[in-house]
*Asks:* 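For reference, the structure I am asking about is given below.
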Amino acid sequence: MSKIEIWKDIDGFNGKYQVSNQGNVRTCDYYGKGIKFDLTKTLTADGYELVGLNKKLHYVHRLVAQAFIDNPNYLPQVNHKNEIKTDNRADNLEWCTVSYNNSYGSRIHKYQKPIIAITEDGEIEQYPSVKKASESIGVTPSAISNALHGKAKTIKGRKLMYERQFYNE
């Protein structure tokens, strides 16, 4: 873990803004006077930090990753290794795929929530995910999703619900 703060110019802004390996962002030409000034971060509704650069908002974690983390495979997303969305230190970030990011750590993607199916005979079937339920029952994931959200009463004679709904009823 690097304690020394290293600053790099942010690509595309001609030296006007810099980002640090500690997750800070500053202007290098505050009001055209050459003064360096840390930019105020704001939070999105889902907890990520943003800064305004030339009147456009940018995710801080992406700015840090672009400046400090190699991405030879052109991976599209940046993951917070410790799952703290405001910890934008370079050593806490990694480039990754969408599926890796969605299933990382304690995150539960909507398709990974356990499913309960109750057959016409009253038997209970359990599936770890929408995908597994769709494969086992022989329907598409969207058909499973429709049943889970009340758009279909049954699928192949089964009433479906999320496991947490089953145990809370």
*Asks:* Run the side-chain contact (heavy atoms from CB on, under 4.5 Å) check on K156 and V139 step by step: do they pass?
*Replies:* CA-CA 9 Å; K156 291 198 173 180; V139 296; 3.9 Å; yes
*Asks:* Show the numbers, then the answer: is there a side-chain contact (heavy atoms from CB on, under 4.5 Å) between I6 and F68?
*Replies:* CA-CA 10 Å; I6 300 166; F68 292 95; 4.0 Å; yes
*Asks:* So which atom in A152 and which in I155 form the shortest heavy-atom distance, rounded to 0.1 Å?
*Replies:* CB-CD1, 4.3 Å
*Asks:* Quick one: closest heavy-atom pair of L50 and Y59, and the distance?
*Replies:* CD2-CD2, 3.6 Å
*Asks:* If you round to the nearest 0.5 Å, how far is CD1 of I10 from CZ of R26?
*Replies:* 10.5 Å
*Asks:* Quick one: does any side-chain atom of W95 pair with a main-chain N or O of I69 as donor and acceptor, under 3.5 Å?
*Replies:* yes
*Asks:* Quick one: are V51 and Y17 in side-chain contact, heavy atoms under 4.5 Å?
*Replies:* no
*Asks:* Return yes if a side-chain donor-acceptor contact under 3.5 Å exists between N54 and K16, otherwise no.
*Replies:* yes
*Asks:* I need the minimum non-hydrogen distance between I137 and L160, along with the two atoms involved.
*Replies:* CD1-CD2, 4.2 Å
*Asks:* Nearest 0.5 angstrom please: S136 OG to K131 NZ, how far?
*Replies:* 13.5 Å
*Asks:* Do V60 and W7 share a hydrophobic cluster (ILVMFWY, side-chain heavy atoms under 4.5 Å, transitive)?
*Replies:* no
*Asks:* How about F13 and H58: are their ring centres within less than 6.0 Å of each other?
*Replies:* yes
*Asks:* Would you kindly confirm whether V78 and I84 end up in one hydrophobic cluster when ILVMFWY residues are joined by side chain heavy atoms under 4.5 Å apart?
*Replies:* no
*Asks:* What I want to find out is whether E125 reaches R158 closely enough, with some N-O distance under 4.0 Å, to be called a salt bridge.
*Replies:* yes
*Asks:* For residues N21 and E5, is any side-chain donor paired with an opposing acceptor at under 3.5 Å?
*Replies:* no
*Asks:* Measure across L93 and A65 and return the closest heavy-atom pair with its distance rounded to 0.1 Å.
*Replies:* CD1-N, 4.2 Å
*Asks:* Report yes or no: do L53 and V19 belong to one cluster of Ile/Leu/Val/Met/Phe/Trp/Tyr joined by side chain heavy-atom distances under 4.5 Å?
*Replies:* yes
*Asks:* How far apart are the closest heavy atoms of G15 and C28, and which atoms are they?
*Replies:* O-CB, 3.4 Å
*Asks:* I need the E94 CD to H80 NE2 distance, nearest 0.5 Å.
*Replies:* 11.0 Å
*Asks:* Please check this pair: side chain of N92 against backbone of D87, looking for a donor-acceptor N/O pair closer than 3.5 Å.
*Replies:* yes
*Asks:* Side chains of R89 and Q22: do they bring a donor and an acceptor to under 3.5 Å?
*Replies:* no
*Asks:* Nearest 0.5 Å, please: how far is SG in C96 from CG in L75?
*Replies:* 7.0 Å
*Asks:* Contact between V25 and V64 at the side-chain level, heavy atoms closer than 4.5 Å - yes or no?
*Replies:* no
*Asks:* So, for H149 and Y162, which heavy atoms are closest and what is the spacing to 0.1 Å?
*Replies:* CE1-OH, 3.7 Å
*Asks:* Using only heavy-atom distances, determine whether the side chains of T86 and E49 contain a donor-acceptor pair under 3.5 Å.
*Replies:* no
*Asks:* Could you measure the distance from the CD atom of Q66 to the CG atom of D11? Nearest 0.5 Å is fine.
*Replies:* 7.5 Å
*Asks:* Donor-acceptor check, side chain of K8 to backbone of A67, threshold 3.5 angstrom: yes or no?
*Replies:* yes
*Asks:* Taking D70 for the side chain and P72 for the main chain, is one N or O donor matched with an acceptor at less than 3.5 Å?
*Replies:* no
*Asks:* In Å and rounded to the nearest 0.5 Å, what is the NZ to CG distance from K41 to L57?
*Replies:* 14.5 Å
*Asks:* A side-chain contact here means heavy atoms from C-beta on lying under 4.5 Å apart; do P128 and P114 qualify?
*Replies:* no
*Asks:* Report yes or no: does K85 contribute a side-chain atom to a donor-acceptor pair with the main-chain N or O of D46 at less than 3.5 Å?
*Replies:* yes
